[in-house]
Each structure stands twice: as C-alpha cells, then as structure tokens.
Amino acid sequence: MFLDGIELKTTDDQDIDDIIRVEKNAFGYNKEANLVLGLLEDESAEPMLSLLAYHQGRAVGHILFTAVRIEGQPTSPLMHILAPLAVTPDYQRQGVGGLLINAGIQKLREMGSKAVFVLGHKEYYPRYGFQTDAGQLGFATPFPITDKYRECWMMQVISPEGLTSGGGKIQCAEMLNKPQHWRDEVADKVTTENKYLQQIYETGMRVRL
C-alpha cells in the first residue's frame with residue numbers, strides 16, 4: 001500500500017521538534033533522536049541533507065544523509081551515508097521510507113554527491129539501488145563488523161560519471177565516526193556475535209520503515 005498526499009520538505013532549524021518527534025516515535029527510545037541532534041550540529045557532517053515527510057500536516061518520516069570521505073585521501077570525492085531513516089509506526093510499510101530514499105538520492109545527485117553508503121537491511125535497501133557488501137567493492141566500514149553482517153554494508157554510486165576513487169576506509173562525521181554506532185564492545189567480549197548489529201539487522205539498521 002502506498003499513501004497519496006505525502007509531502008517532502010528539506011528541513012531547517014524550525015523543524016527540529018518534528019524531526020525528534022519522528023525519531024522517538026519510530027524507534028521507541030531516545031538514542032537515534034540524540035544521534036540526529038548531534039549530527040545536525042556537527043560541522044564535519046556538511047554538506048548534509050535532511051528531509052521530512054508529511055501527511056495531512058503531520059510529520060511521519062525523516063531521513064538524514066551526512067557527508068563521508070575516504071580516510072587518508074585529502075581529495076576524497078563528495079559522498080554521503082544514510083543514517084538514520086525513520087517512519088512513525090502507523091505509517092510504516094506504506095512506501096514513506098522509499099519516497100524519502102528516492103527523493104534524497106535525487107537531491108544528493110543534484111548536490112554533486114558521487115555515492116551513498118548505508119548499513120542496513122540487505123533485503124530492503126537493494127530495492128532502491130544499493131549494492132550489498134560494499135567492502136567487496138573496496139570500501140571498508142569505519143569500524144569492523146562481523147562477517148555475518150558484511151552484506152548489510154551497502155553502497156550506491158549515484159553520479160552519472162561514476163566513482164573514480166579506488167576505494168578505502170570510509171570516514172564519517174565525527175558524531176557518527178564512533179565505535180558504539182558500529183559495534184557493541186561489551187557484547188563483543190561476551191560472544192563473537194555482535195548483539196547490536198543482530199538487532200539492527202533484524203529490524204533494519206537505523207531504519208524503522
């Protein structure tokens with residue numbers, strides 16, 4: 001089912017309350033909302049793109065793309081990472097997430113971005129052009145993830161000219177470039193399985209659709 005009448009808006013400072021409300025409602029806790037607040041204030045995340053989806057005047061979805069670079073490459077091409085994508089529970093599985101992804105990628109293309117990365121559900125994001133296992137394509141995650149989840153690290157080249165970079169380790173904005181956003185260090189000491197990533201894989205990494 002796809003909803004009619006969804007309106008998308010590039011956000012500004014006046015939209016913070018709507019953004020946080022969507023994030024909290026979608027995930028059911030404050031962690032993602034706090035991450036978004038931090039990223040919106042993070043100068044190293046620029047140029048970023050933040051979109052809200054509205055239905056009948058109510059904010060029901062949000063997506064955030066922040067800039068990434070290839071570590072150690074001062075002339076790294078402009079690229080972005082999608083994190084997070086959130087849709088309020090009563091609007092999930094109705095196409096809102098897909099609308100946000102497609103609109104965001106188009107706007108990033110217009111901004112001159114060459115590629116988009118995401119760590120997420122490997123059955124969901126390929127519907128929108130993402131290739132699984134970006135590590136095999138030459139682009140490593142900022143912090144190690146277990147082999148079980150390597151296909152959840154995905155990328156999409158969005159520039160008509162393609163991506164000429166030879167690859168490397170992706171470096172995110174300072175707020176996102178922290179181990180706790182990529183692995184659960186406590187869980188790693190207890191088991192070889194990463195509980196945080198397992199939860200994310202089962203629900204969709206930083207996404208409530």
Side-chain angles (χ1 to χ4, degrees), residues 11 19 23 31-51 62-86 100-101 104-105 107-122 125-126 128-159 161-188 194 196-197 200-201 204-207:
T11 68
I19 292 171
E23 296 291 340
K31 183 175 182 178
E32 301 302 326
N34 292 337
L35 173 64
V36 169
L37 278 176
L39 284 169
L40 290 174
E41 297 174 353
D42 188 344
E43 293 183 0
S44 67
E46 297 285 357
M48 69 177 72
L49 175 65
S50 172
L51 299 175
H62 177 248
I63 195 169
L64 181 63
F65 300 88
T66 52
V68 299
R69 60 183 302 111
I70 299 173
E71 188 175 87
Q73 290 192 17
T75 58
S76 175
L78 177 62
M79 302 181 295
H80 288 80
I81 188 168
L82 190 172
L85 168 62
L100 285 165
I101 293 171
I105 288 174
K107 287 182 178 293
L108 290 177
R109 190 177 288 119
E110 294 168 0
M111 291 166 57
S113 186
K114 305 299 184 184
V116 183
F117 295 86
V118 67
L119 181 61
H121 202 297
K122 66 180 182 180
Y125 286 99
Y128 304 100
F130 285 89
Q131 293 179 268
T132 60
D133 199 354
Q136 284 290 101
L137 300 174
F139 297 90
T141 52
F143 294 91
I145 59 176
T146 61
D147 286 344
K148 182 176 180 179
Y149 302 105
R150 69 178 186 273
E151 291 187 335
C152 300
W153 174 235
M154 293 171 270
M155 70 174 296
Q156 179 177 172
V157 176
I158 63 173
S159 169
E161 298 81 23
L163 183 63
T164 58
S165 170
K169 181 180 178 180
I170 294 300
Q171 180 178 338
C172 300
E174 293 177 6
M175 185 68 189
L176 190 56
N177 212 63
K178 299 176 180 179
Q180 61 265 34
H181 297 309
W182 299 86
R183 67 174 184 261
D184 186 333
E185 293 178 325
V186 174
D188 287 345
N194 189 310
Y196 177 66
L197 280 176
I200 291 304
Y201 174 77
M205 172 64 181
R206 303 201 180 288
V207 52

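Throughout, numbering of the chain's residues begins at 1 and tracks the sequence.
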Does a side-chain heavy-atom distance below 4.5 Å link [X] with [Y]?
X	Y	value
M111	L108	yes
V36	H62	yes
M79	I170	yes
F139	L163	yes
E161	K114	yes
L64	T66	yes

Hey, could you give me the [atom1]/[atom2] distance between [X] and [Y], rounded to the nearest 0.5 Å?
X	Y	atom1	atom2	result
L82	I63	CG	CD1	4.0 Å
M154	D133	CE	CG	10.0 Å
R109	Q156	CZ	CD	7.0 Å
L85	H121	CG	NE2	13.0 Å
E46	S44	CD	OG	9.0 Å
R150	Q136	CZ	CD	6.5 Å

Residue that, paired with S113, satisfies side chain to side chain contact (heavy atoms under 4.5 Å, CB included) out of V68, L49, I105, L78: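 Only match with S113 under side chain to side chain contact (heavy atoms under 4.5 Å, CB included): L78.
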
What pair of heavy atoms forms the shortest contact from [X] to [Y], and how long is it?
X	Y	result
I70	G167	CG2-O, 3.7 Å
F65	G104	CE1-CA, 3.6 Å
R69	Q73	NH2-O, 2.6 Å
I81	C172	CD1-SG, 4.1 Å
A115	I158	N-CG1, 3.9 Å
W153	A140	NE1-C, 3.8 Å

Donor-acceptor contact present, side-chain W182 to main-chain N177, <3.5 Å: no

Neighbour count >12 (heavy atoms, 6.0 Å) for atom CD, E43: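 Result for CD/E43: open.
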
Could you go through the side-chain contact (heavy atoms from CB on, under 4.5 Å) check for M155 and L137 one step at a time? CA-CA 9 Å; M155 70 174 296; L137 300 174; 3.7 Å; yes

Go through it in stages, so that I can follow the logic: the residues are Y149 and T141, the test is side-chain contact (heavy atoms from CB on, under 4.5 Å), and I'd like the CA-CA distance, side-chain angles, deciding distance and then a yes or no. CA-CA 11 Å; Y149 302 105; T141 52; over 6 Å; no

Going by the angle between their ring planes, with limits at 30° and 60°, are F130 and Y125 parallel, tilted or perpendicular? perpendicular

Step by step, would you call I101 with V118 a side-chain contact (heavy atoms from CB on, under 4.5 Å)? CA-CA 11 Å; I101 293 171; V118 67; over 6 Å; no

